[in-house]
Structure formats: C-alpha cells, structure tokens
Amino acid sequence: MTEPRQAHRLHILKVALDVPLDGVFDYLSEAPVQIGQRVVVPFGPRRQVGIVVDLADASDVAPAKLKSIIQYFDQEPVLDGEFFSLLKFCADYYQYPYGQALLSALPARLRQTEPARARQQFCYWLNSAGQAADISAIPVRQAVQRRIFAALRAHGRLNEAELAELSPGWRKGLAALRERGWIEEEQVYAGLGSTLHASSVQPELNEEQVLAVQSILQYRDTFRPWLLHGITGSGKTEVYIRLLQAVLEGNQDQALVLVPEINLTPQLEARFRTRLPQFPLVTLHSNLSESERLQNWRLAQTGAARIVIGTRLSVFTPLPGLKFMIVDEEHDTSYKQQDGMRYHARDVALVRAQRRNIPIVLGSATPALETWHNARNGRYGLLTLQQRAVSQSQLPQVNCVDVSRVQMQEGLSPQLLKALKVRLERGEQSLLFINRRGYAPVLLCNACHWIAPCMRCSSRLVVHLRQGFLRCHHCGHEQNIVRQCPSCGNADLHPTGNGTQRLEETLTRLLPEARVLRVDRDSTRRKHALSEMLSAVHVGEVDILVGTQMLAKGHDFPNLTLVGVLDTDSALFSPDFRAAERLFAQLMQVAGRAGRADKPGEVLIQTSFPEHQLFNALRVQDFAAYAASLLQEREVAQFPPCEFLALIKAEANEYGPVQRFLQFAADSARALGTDALVYDPVRPQMERLKGMERGQLLFQAATRQTLQIVLRQLTPQLRAHPLSNKIRWAVDVDPQEF
DNA sequence: TTAATAGCCCTG
DNA sequence: AGGGCTATTAAC
C-alpha cells in the first residue's frame, strides 16, 4: 500500500479521469500535490475532475501536449492506497476502465468540478444561563420549546437527528431557546447517530449463537470468510451485534456491514444504533441526499464512523481502520451491479477482506450456491443457526396444492380459500404472495389468441384496469386499453391471468368481511407508503396482505399465520439456470414470514408440479438437500459454481451490427487460443428491450484465470473495433442475468 | 464519453 | 459558398 508522498521536485502528475479510455493522463503541476488528491484538469475542450494516482518526474507524452492542473482540492483528505488497489483490481477483473472505476466509487459530489461541500450540522447544549433557568419560564403552550429544553437538560448535548426525533418543528423551538440566550452550539459531524434510545439489554444467546461468535472471534487479524447459515428468525443480527461489540471495543477500528437494499436497512440500523451506541455509525445508501452521502462517506474515510452500514457501492468506501466485514443476506441479487462496472459487492468484499487480512461474515438463510459450495469444500468456515432464537415457535408447515386437480376460483384453490377463511375467523393475518403486479399479466383475444405486445420489448403489456391502461413492466411504455383485436377485429378482449390488483379485487369480493391490503411497487410509490402500510399490518388493521416479492424480505408480522403462494411455476422451468435457486430462496423467505411468534404457521403453495424436488426440500426446510441437488446439476452442466462464466452483452437499434460485433468477438477469442469455451452469439430471453435489439456471447471456463486471460486481450480489440461506438456493449464477468 | 472538425450532399 | 447532416478522431 502506497503512502501518500509529497511531490517536491516532481512535477508530472498521473491523473485518473472519468473517461472510457485505458490509462491515466499526465499533467503538469506547479504546486506540491499528494497522491490521492482531487484536482480539476483541462481535458480536450472541457474540464474534468481527476484523481492524482501517481507522481513522476518525466512523461512519455510530448511536452507540448502537457497541460497544467486548473484547480487543487488540497484541503480535502486524500484517498488511500487501499482504495486505489481495490479499484485497480476491480477494473481489471470486471474489464472496466480504471479511471471510471475510481471516479464511480466516489460520492457524486466529489465527481463534480465545484468544490464539494458536505452538509454542516451542529449540536446544541444549555449554557450556564440555560442550566440555571427553569422550565416554568417557558409558556406551557410552547410545547416544542419545553420538550427541547427538557431533553437538553436530561441528555446534555443533542444533535440535529436527535432533536428532529423530538419534534419536526424543532428548529423553531430551538431558535426561541437561543433567543432566550440559553443555547450553546458547535459544529458536529452528524449522521453518526443518536444515543437517545440506547439499550443495554443483552439478550441471552443460544448455544449455536455462542459457538458462532466464539469461532469467528478466534480468527481476528486473519483473512477468514465465514458463512453464517441461519434460517429466518434464528438470530443472525444478534450474532452480528456481539461480533461488532467484541471487534470494536477498546480500539479505534472500523467495521463495514453490507446490506442488500434500503428496504431493510432501517431495522438493522435501528438495532445497531440502540445496541451499539458507543460506536458512531453512518449509513450509505441511495436514499441519502448527496450532501448527507458525502458527509457520511467522509466520516467513514476519516475514521470518525466506526460502523458503516451500506448498500453495494459502499464496499469501496475508504475505511482506514477496517478490521471486520459483514455481508448480510449475501445471496441477494442486488449486490450485483447491472450497469457500468458490473461488480458483485459480496465478491469485492471478499477480495477486500483477503487483502486486508481480516475476517468476513456472509450471512444468509439461503446462501448463494457459490457461497455454499465454498463452505462445503472448506474454503469458508460454516456456522449454522438452526434454532429459532426469537421464541419457542415452530417452523411453518409447508403444503402444496395441485392446481391441475382442483377447481380453481379466479386463481384461488378451494384449499387456499378455506385456509384464508379460517384465519379470518381466528383473527389472524394472511399473506398472499404473487410476483405480478398490475391487474392481469396479459390482454388476450379469445377469438384469435392475439396478445397485446409491447412495441419496444419482447414482452406482453400488463393490464392495469383501475388506471385504465396497458403498461410494459420492462420499459414503462403505457397505452390505452385496446378495445378491439387489431389482428381479427374481435371485440372480445379479456384481461387474462392474475396480478396483484385483480387478486385484491377477487378477495374483496369473495371475502367481503376481510380487510385486504395490496403491497406492490404501484401501491408503495409514495414516499412513506410502505412503512405506513407495514405499520397498519402491525397494529392489526389488515387481515389479508396481497403482495409481490417486496414483502418477502425482512418484515416480521407476529400475527401472520398463513402464507399463500400463487403462480411460481414459470421459474421452475426457466431457461435461466439460477431461476430455481432464486425461487427457492424466495419461498424460504416468504415461508419465514409465517408463524413467527407462538402461533404455528402454514404455507400453501399453488403449483402444477407438487412433486418437484424444490417443494419437497421446502416442505422439510432443508436447504442443504436442495443445494446438493442443484450443485449436482451445475456440475453436469459445468455452470457456476463449478465453472465460471463471462458474458459480452450488446445492443443496438438493429440486430445486424450486434450480431457482427459479437461474431467478431467470438472469432477473435477463438483466434487467441483460449482454453475457455466460446459459445456462438445468441439472443437473450428478452430479445428486444426498450427498442434495442439485444445479443450476447457466453464464455465458460474451469477457472477465473482462464476467463481473465482471454478477456484481458479481447476487450482492447473490441474497443478498437469500428462497430464499438455504434452499438452499446459491455463485458459482464460472473453474470447473474442472461 | 464528449465535442470539435472533416467530409459530404444539397441548395442557391 | 454555406447550411445541415453524419462519421471520425483526439483527449495528457
């Protein structure tokens, strides 16, 4: 790791820029500059933000070409060597230009040429006059003022986040107190968190949890990946908390916790904040404003934040004291970046842990097959939590309903309807899980079987009856509902199949006494809609929840005892080899929603294939057995995790150039004499998307190294190809979607 | 990627 | 000649 050096007599700077070109650019510098510093440079006719990655005293570039730095951000903390080396590794591994990789890992504010200003926040306390004052001096009607005053008395110093919890109108109240001359203030780095709700209650750990904590703590300051395999409710979070406590206590070290999406961050964050109030904590996710993001990132970079909870991008956050990492729900697909540099945050985290020589814990109830494979072959330590730590509750009973053998009523089997009625009578809650939002997935002509297609995608338009339009869920295209079949002129067009809206409608009709709530992307678009809905469920204002996969994750509903699953069969025979793995993970997760407290749960799955091994494994909640059978399939097919894949994806207005470009790629790769298996260019599932014709080229190899060798030589050839600028293309190493 | 400019057809 | 368009090229 390179320490920042001063440029004394050296005056050539190697600057990385956010441009899709290999290599860095040389600039002249009049002033001393440090490696890791941000600068503004002239680049062609424009100005760009750059990062100084190296210093030199000579340049290969013609002296006349060399330009000077326009601006130095020399007041900012510099980027450290670990940041450079991790992104260098990723740029190489994922075939992405180094400069772009570096810049894309920075908060947006730092990619702009304007000086970056983080949000300034203050903390407040009572000065001696305030301490001497009495609350009776504040009129009773000034409730906010009184509350703030009382809180400052009780807690000493309060930051803005803490004050905001007291009242949304805290600024006014505080201004009034300041007016009285009672307040003292100081700039503070906010986001670090609140100690208002600190809790010192340490729940008792069960044996498995104790073993997990002890095992992991045996190997500090060593690269050691652990799979913490724990079913929903088995107490993984408590294990994380104990580990963080042990790792961070009594030092200045830092820990990074990766989470899949903002959706479940608030819960984890809240628990960490109450249980670990002694460690300043910041979050990094896309819901932050840019100034908050920059501030939190800086707190991480300077070491002020001891715990960082973040989504995939935060895996690159500079953390000088990083000693421990957690990747929660490590199987989650949102860890894979699907554009730009297509990195997998879990894999990058593993690389980072290895280079830093620190332990890393991957937690999941349904690990990715890659991770499971490594745990089974001993490369990762395997720790299992099988008991449900939350209570003495039992695992849910999983049953399949064979939909080919029963008379269905608008998508609902008699068994499922009956089960719903039973919960209604008992005053318990049910969840119906259906992965299709909208009213009906297709609009069908009964006479000629024409189906309303999307003009820009290879997909069907989904009927949104209430809003009165058809919508493509892939490109967002909307149009009025067609009244007459454009193919045969028939006016007999029917919304066919079940979506969340229709299911909601059906339930309201069949079970009029039930209070039905639909939770999908459409109904939760409003800012706090989801959390409002979830709390409505919690206080018992809802009997039946109808929802998409967004309900599968991380929400506990103690009174929920039935989960019905509709329409899963498409994933069972999907051409995507990971579809079944994902379905299994999803069903395990939904099953975990049922019967969390002392009430036993039931899961009813409607399927035409009740004997499918996936359901058999689900019935006994046996991840290991199902994983073993999947692994066997993958071995035969030579698919991951047994072998490794890379994909070149390309798209353009017409398929012709896409095909020619990919054929060139295939021919060149073969000409390079690679050991990788180079397939022929094919069209993906979704042949056309957003008006673009798509194609892809698959590479398969026994080792990552083999793929790396061929891609390293091939990518520059592709960049130089005449079609390179006419089509859109990208290399996807370890692709997740095909 | 961006943006300047080279080249080209067209009109007048 | 000059407008308006696309293709090409350079960027430290």
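Atoms considered below: every heavy atom in the structure, side chains included; atoms not considered: hydrogens, waters and symmetry mates. Every chain is numbered from 1, with letters handed out A, B, ... down the list of sequences.
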Asks: Using chain A heavy atoms and a threshold of under 4.0 Å, write down where along DNA chain C the contacts begin and end, 5' to 3'.
Replies: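 Under 4.0 Å from chain A, the extent on DNA chain C is dT8(C) to dC12(C).
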Asks: What about F25(A) and F43(A), are their ring centers closer than 6.0 Å?
Replies: yes
Asks: Check whether the ring centres of Y343(A) and Y96(A) lie less than 6.0 Å apart, and answer yes or no.
Replies: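 Not close enough - the centres of the two rings lie 6.0 Å or further apart.
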Asks: For F639(A), does the six-membered ring have the charged nitrogen or CZ of R634(A) within the cation-pi criterion, i.e. under 6.0 angstrom from the centroid and within 45° of the normal?
Replies: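 Checked: cation-pi criterion not met.
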Asks: With a 3.5 Å cut-off and sequence neighbours excluded, list the donor-acceptor pairs that the side chains of residues 705-714 of chain A form with protein atoms.
Replies:
residue: T706(A); atom: OG1; partner: T703(A); partner atom: OG1; Å: 2.7
residue: Q708(A); atom: NE2; partner: Y93(A); partner atom: O; Å: 3.1
residue: Q713(A); atom: NE2; partner: I709(A); partner atom: O; Å: 3.1

Asks: Can you name the residues that form a side-chain hydrogen bond (donor to acceptor under 3.5 Å, both in side chains) with W297(A), not counting sequence neighbours?
Replies: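 If we apply the side-chain hydrogen bond (donor to acceptor under 3.5 Å, both in side chains) test to W297(A), skipping adjacent residues, there are no hits.
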Asks: Just grab all the salt bridge (Lys or Arg N to Asp or Glu O under 4.0 Å) pairs involving residues 86-95 of chain A, residues at least two apart or on different chains.
Replies: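 Qualifying pairs: K88(A)-D92(A).
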Asks: Among pairs that include at least one residue of residues 673-686 of chain A, which meet salt bridge (Lys or Arg N to Asp or Glu O under 4.0 Å), considering only residues two or more places apart or in two chains?
Replies: R670(A)-D680(A), R683(A)-E687(A), R683(A)-E693(A)
Asks: So which protein N/O to nucleotides 1-4 of chain B N/O distances come out below 3.5 Å?
Replies:
residue: dT1(B); atom: O2; partner: R46(A); partner atom: NH2; Å: 3.4
residue: dT2(B); atom: O4'; partner: R46(A); partner atom: NH1; Å: 3.2
residue: dT2(B); atom: O4'; partner: R46(A); partner atom: NH2; Å: 3.4
residue: dT2(B); atom: O2; partner: R46(A); partner atom: NH2; Å: 3.2

